[in-house]
Amino acid sequence: MPFLTISHISKAFDATPVLHDIGLAVARGEILCLLGPSGCGKTTLLRIIAGLERPDAGQILLEGEDITPVPSHKRDFGLMFQDYVLFPHMTVGENIAFGLKMHGWDKEQAAARVQALLALVDMTGYQERPVYELSGGQQQRVALARSLAPNPRLLMLDEPLGALDRTLRDQLLVELRSILQQLGQTAIYVTHDQVEAFAVADRVVLMRAGRIEQVGTPEALYLRPATPFAARFLGMHNILSGSVISLTPPVLETPVGRLHAAELPAGLRVGDAVQLVIRPEGARVATADATGPNHLTLPLAARSFRGAHTLVQLAAPQGLSLTFELPGPGFDIRPGQRAHLTIGPEAVVVFGEHEEEKIKRTDMGRSAPNWRDN
Ligand code: ATP
């Protein structure tokens, strides 16, 4: 039996549907991430699970017990929300102990628990410090300790690190995941940031307009996005239309020439129209005389050195542009010159045309990287 089962949850606000028939199962000790663009319903689903919002339809079972009618404060869930800030007039220790008093812990037990949690979040010795003296990262550690203190059955986190800068966030994400794993804490984590979801989750639920688009491990989602929407949301912007010209081996005709893919979705036939994605890390520099499938020779539109890789943007036919991350700094082609690249077949992900609406060309540049030619 799953630890938490969410079935047929629907919700509308002012007659506008926000969640449509959501079903999910969460295993004990699992870290599940709800990922999706702004407004897709992540927070509403989290709030329904937490009991802060009532669903219009559906059921939530915790270890087999129907908790749908149970009020939030009786669910024994922990919350760590970005806007659920620490009490500024209290010390670190008082903040962490706050929930314990409400749960009837005696003073000695609570004091021992506070010490254990301070150690867990690597803040031993900070007990008497007022929270306003802490850095942003330290405040988030205290917030985590506070939400974990009463041993919640389920921890719910909504963009908990959203206010922090990228470097600090990356560091805290690794720590957060390791703390939750150490405790075997079941957790649901909401974010709109794919990198954050991949770093923290055992499994990711990708949502779109109130529905679940795809569920899987971070690796499975990245390697096999189920739809062009999933691919695009996971940072793959090289989306092309094409057609199948061979099934074995899988070969496609595309606006940038013939491409071999590692595999095709089941049910495709020769001549079928498809959409395909070329993963940004799937290209390597080729020699100028390389020919045949999977070799691209296209004018370089822009390049941008990023340290571990160089981001290159190629101008493709039909007004398309393709972006790749080439490893290392040694790419010496200048904008305007022709670049020669080879694409690995495993970097070509194919979708049947029926799998989703056609991607509009104008979408291709959406949330594309910032360019600085050099
Ligand atoms: P974000 O990442 O921006 O927080 P989200 O995926 O968490 O987005 P929700 O906050 O769940 O999305 O909102 C889903 C939709 O429901 C949005 O269109 C939002 O405006 C609407 N909505 C959410 N709460 C309410 C409310 N209390 N009353 C009316 N509409 C609401």
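Keep in mind that the numbers below use all heavy atoms, side chains included, and drop hydrogens, waters and symmetry copies. Whatever order the structure lists them in is the order used to number ligands and atoms, beginning at 1.
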Does a side chain donor of either Q127 or T91 reach within less than 3.5 Å of an acceptor in the other side chain?
no
Can you find a protein heavy atom closer to atom 19 (C) of ligand 1 than 4.0 Å?
no
So if I apply the side chain to side chain contact (heavy atoms under 4.5 Å, CB included) rule between V205 and each of V215, L45, I22, L35, which one comes out positive?
V215
Heavy atom to atom 6 (O) of ligand 1, shortest distance: which of E53, K42, K11 holds it?
K42
Using a 4.0 Å cutoff against the non-hydrogen atoms of [X], which atoms of ligand 1 qualify?
X   : answer
T43 : 4 (O), 5 (P), 7 (O), 10 (O), 11 (O)
P37 : 6 (O)
V18 : 14 (C), 15 (C), 16 (O)

Please classify the H192 to ligand 1 contact at 4.0 Å (heavy-atom distances, strictly less than): side chain, backbone, both or neither.
neither
Using modelled atom types and a 3.5 Å cut-off, is there a donor and acceptor pairing between side-chain atoms of Q214 and backbone atoms of R224?
yes
Tell me which protein heavy atom sits closest to atom 5 (P) of ligand 1, plus the residue, atom name and distance to 0.1 Å.
G39 N, 3.5 Å
Would you say F13 and ligand 1 have an N/O pair spaced under 3.5 Å apart?
no
I'd like to check whether S38 has a polar contact with ligand 1, where a contact means an N/O of the residue lying under 3.5 Å from an N/O of the ligand.
yes
